[in-house]
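The structure under discussion appears below in the form of structure tokens.
A, B, ... follow the sequence lines: proteins, then strands. Residue 1 opens every chain.
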Number of protein chains: 2
Amino acid sequence: MTERTRRPSAPTIYDIAEKAGVAASTVSRALNKPGRISTETEARIRAAADELGYRLNPMARSLQSGLTGNLALVMSDMTNPVYFDLVRGAERVTADAGCTLLFADSQENVDIELDAAQRLLRVADGLMLVGSRLSDEQILSLSALKPVVTVNRLVDGIPAATAEVEVGVHQAVRHLHELGHRDIVYLEGPSASWMNGRRHEVIAADAAALGMTVTFLDSDGPTIEGGHAAVPRVVATGATAVIAFNDLLAFGLLQGSREAGVDVPVSLSVVGFDDIFGANLLTPPLTTVRSHMRNLGEAAVLALRNAIAGEDERETERPATELIVRGTTGPVAPAGP
Amino acid sequence: MTERTRRPSAPTIYDIAEKAGVAASTVSRALNKPGRISTETEARIRAAADELGYRLNPMARSLQSGLTGNLALVMSDMTNPVYFDLVRGAERVTADAGCTLLFADSQENVDIELDAAQRLLRVADGLMLVGSRLSDEQILSLSALKPVVTVNRLVDGIPAATAEVEVGVHQAVRHLHELGHRDIVYLEGPSASWMNGRRHEVIAADAAALGMTVTFLDSDGPTIEGGHAAVPRVVATGATAVIAFNDLLAFGLLQGSREAGVDVPVSLSVVGFDDIFGANLLTPPLTTVRSHMRNLGEAAVLALRNAIAGEDERETERPATELIVRGTTGPVAPAGP
DNA sequence: CCTAAGATGGCAAGCGGTTGCCAGTCGGGC
DNA sequence: GCCCGACTGGCAACCGCTTGCCATCTTAGG
């Protein structure tokens, strides 16, 4: 057997206590309750701790307090670039608070999601659900265990962080209207997605207010393939513009259109949601509604920490959305009936 | 104060013991040591546990065993799509083992990386470093605390999971050679990246073997911006093809070339590494060397679990690489001297 | 000079499981 | 009929830290 690095068992507060000639409880207080112990004793203890390379055993503390200092995040699909900034923001704020972020991907699968949520909840103080596909009941049952915060989803009695929807959609619909579009398609996301419902509603309302016709088309899934497969059905509607539930769908729409010989943006305008990685790299670059996911991630962590602390859930601010106009939208083709 | 959901303290083995009329130790054994307790007693205990909705308190077990069942993963940049599949694979295998994955992003910053690693190490049984920018010494000092596994990086005495480099590079260089390229550029990644060093070496060797000239150019960073900024210097070398350290650089190269009026692949061929999200969506789609990151993530977890178990570190298999030929490579322009 | 409040530090009981050791029971072999 | 081992299950110590309560000592006020 190879000579491997010895990993001696970590020093405990008892080791420190012995070295400093005090009781373990005194060490604990010296390290955690500022002012509780006399200055010189505390200094002696800290010196001993440093010398021993002491590191607190979080499990022991957790056992006592019931709190782990971990926050869990379960998302529907980490491969979806939408969530990058969200995770970044969440991770950042979590670390700033001295906590650590646990994290799982449900791959758009309810069973996996539920399983991951329950698994993480055992070792975390609370849970954030992003783009959850769980039912309201399932979410409520999770929240019976530990505090739960939903992101871009509203469940009665559960604190939530949501991005504002209206402004971005409003800008997008108006933008299409100004370009002369009157018949548009909304390519739906997953029916279990709360955010999809919101976008659907707001688009319907805005379009109606401007006298535009909207056809709602289901997609196979919020993916590139889903968008690709939807092209024939979109074309069949005769609409001159499509708003897709997300950029992945829009990517697929673009890809499928090219293969089908449909010229974007000349004969079809395409708008996505989220402004994910790559949206500006395509040719033409994608017009899309950006939401500030980073802020959303931060807001979620804040809300969760509030819930864990048992504070009254204050209204969290809703990160804004805005239309980014690029190359996939253009004036409706002059060709008429 | 609003009437909020009661979260009664979770039932313990003592509650079960009382309900089943046995001792707590018997409950513990019934639940964990199959066969140690008589069938009917065990059944009675399990029934009581179910009825109470018992869930083991992992902290308590951890205190005892010193193991948390958490595996930590620190990566240089989670925004980099290369790591998607790696994380997916790692997460999957971790969950299958009944463990949970902790996860942090160092944003290409050594200080953040070290901080995150230390923070996670306190609550995890071991650590995986992906694309680490830490020095060998720093990594060794981490490994003095808990088992550490590096991914795509070799440090003496530290178990590692690495992707195979030779085959993919070999295919790429030969591919360019067959297209008639004789002068090529390698656009370097971060000097602190071990993988960059490997790619550099293998490209140098392969090119030399085929009688090709390679110019090595530094980049500002392994990002789209870095690739974009490098275009003038690449063009200045007079080379007819570039191999970029990763796809992000290649993306930038493509973008910059278009703006500079350099026609890819007619007057410049571009090859990337990793086959990240979006590589096939660009126009032209990117020729790139794919590595099977999912396998790499799985291999890393396996290696880490071995190290934690204290087993002799067996050789882990090295996931293969392969060239994916798409549209950014073409025959060298016939224009000659 | 006596009492009282404040400062300081120790004792010991948990937090929830795990496990070595032991005791009682039971069945079988000689 | 007796001894031994297998089988069951209980006791209690322990993992490392926190904290309520108490004892002691200081210092100040009356």
- Message: So, does A:Tyr54 get its side chain near the phosphate of D:dC17, meaning an N or O under 4.0 Å from OP1 or OP2?
- Response: yes
- Want to settle it: does B:Ile37 or A:Ala24 sit nearer the 5' end of DNA chain D, counting the closest nucleotide to each? B:Ile37
- B:Tyr14 has a side chain; which of D:dC17, C:dG9, C:dG16 sits nearest to it? C:dG16
- Task: Figure out the CE/C1' separation between B:Met59 and C:dG14, and round it to whole Å.
- Result: 15 Å
- Query: How long is the line joining CD of A:Glu18 and P of D:dG16, in whole Å?
  - Reply: 14 Å
- Message: If you compare every side-chain N and O of A:Ser62 against the phosphate oxygens of D:dC17 (OP1, OP2), does one of them come in below 4.0 Å?
- Response: no
- Query: To the nearest Å, how far apart are B:Arg36 CZ and C:dC22 P?
  - Reply: 14 Å
- B:Asn32 side chain N/O closer than 4.0 Å to the phosphate oxygens (OP1, OP2) of C:dT18? yes
- Taking the side chain as every heavy atom from C-beta outward, state whether A:Asp77 and B:Arg88 have any atom pair closer than 4.5 Å. yes
- Does any non-hydrogen side-chain atom of A:Trp194 lie less than 4.5 Å from one of A:Thr162? yes
- Task: Please tell me if the side chains of B:Leu296 and B:His292 come closer than 4.5 Å, counting only heavy atoms from C-beta onward.
- Result: no
- Quick note, B:Leu63 side chain, CB onward, closest among C:dG17, D:dT18, D:dC15 is D:dC15
- Note on the structure: Considering only heavy side-chain atoms of B:Asn57, the closest of C:dG16, D:dC17, C:dG10 is C:dG16
- Query: Quick one: is B:Ser38 getting a side-chain N or O under 4.0 Å of the D:dG9 phosphate, OP1 or OP2?
  - Reply: yes
- Task: Output yes when at least one side-chain N/O atom of B:Ser28 is less than 4.0 Å from OP1 or OP2 of C:dG17, else no.
- Result: no
- For the pair made of CD in A:Gln64 and C1' in D:dT18, what is the distance, rounded to whole Å? 4 Å
- Query: How about A:Ser28 and A:Ser25: does a side-chain donor come under 3.5 Å of a side-chain acceptor?
  - Reply: no
- Query: Any chance the side chains of B:Asn70 and B:Thr100 put a donor and an acceptor closer than 3.5 Å?
  - Reply: yes
- Item | Euclidean distance, atom CD of residue B:Glu40 to atom P of D:dC7 [Å, nearest integer] | 14 Å
- Would you classify A:Ala60 as touching base, sugar-phosphate or nothing, given that sugar-phosphate means primed atoms plus P, OP1 and OP2, and contacts are heavy atoms under 4.0 Å? base
- State, with a plain yes or no, whether a side-chain heavy atom of B:Pro147 is found less than 4.5 Å away from one of B:Asp125. no
- Query: When the C1' atoms of the five terminal pairs at each end define the local axes, what inter-axis angle does the helix from C:dC1-D:dG30 to C:dC30-D:dG1 show, to 10 degrees?
  - Reply: 50°
- Message: Strictly below 4.0 Å: does B:Thr41 bring a side-chain N or O up to OP1 or OP2 of D:dG9?
- Response: yes
- B:Leu31 atom CG is separated from C:dT19 atom P, nearest whole Å, by 13 Å
- Message: So, does B:Lys33 get its side chain near the phosphate of C:dT18, meaning an N or O under 4.0 Å from OP1 or OP2?
- Response: no
- Query: Hey, does B:Val22 reach any base, or is it just sugar-phosphate, or nothing, if we go heavy atoms under 4.0 Å?
  - Reply: sugar-phosphate
- Note on the structure: With sequence neighbours left out, the residues meeting side-chain hydrogen bond (donor to acceptor under 3.5 Å, both in side chains) with B:Glu113 are B:Ser132
- Message: Does any part of the side chain of B:Leu52, heavy atoms only, come nearer than 4.5 Å to the side chain of B:Lys19, both counted from C-beta?
- Response: yes
- Note on the structure: The nucleotide from C:dC21, C:dG16, D:dC17 with an atom nearest the side chain of B:Arg29 is C:dC21
- Message: My understanding is that only residues two or more places apart in sequence, or in another chain, count here; which of them pass side-chain contact (heavy atoms from CB on, under 4.5 Å) with B:Ala97?
- Response: B:Cys99, B:Arg305
- Rounded to whole angstrom units, what separation is found between the CD1 atom of A:Ile45 and the P atom of D:dT18? 13 Å
- Task: Would you indicate what B:Ser25 reaches in the nucleic acid, counting non-hydrogen atoms under 4.0 angstrom: base, sugar-phosphate, or nothing?
- Result: base
- Task: Test for a donor-acceptor pair under 3.5 Å between the base of C:dG16 and the side chain of B:Arg61, counting only N and O atoms.
- Result: no
- Protein-nucleotide distance (A:Glu42, atom CD; C:dA7, atom C1'), rounded to Å: 14 Å
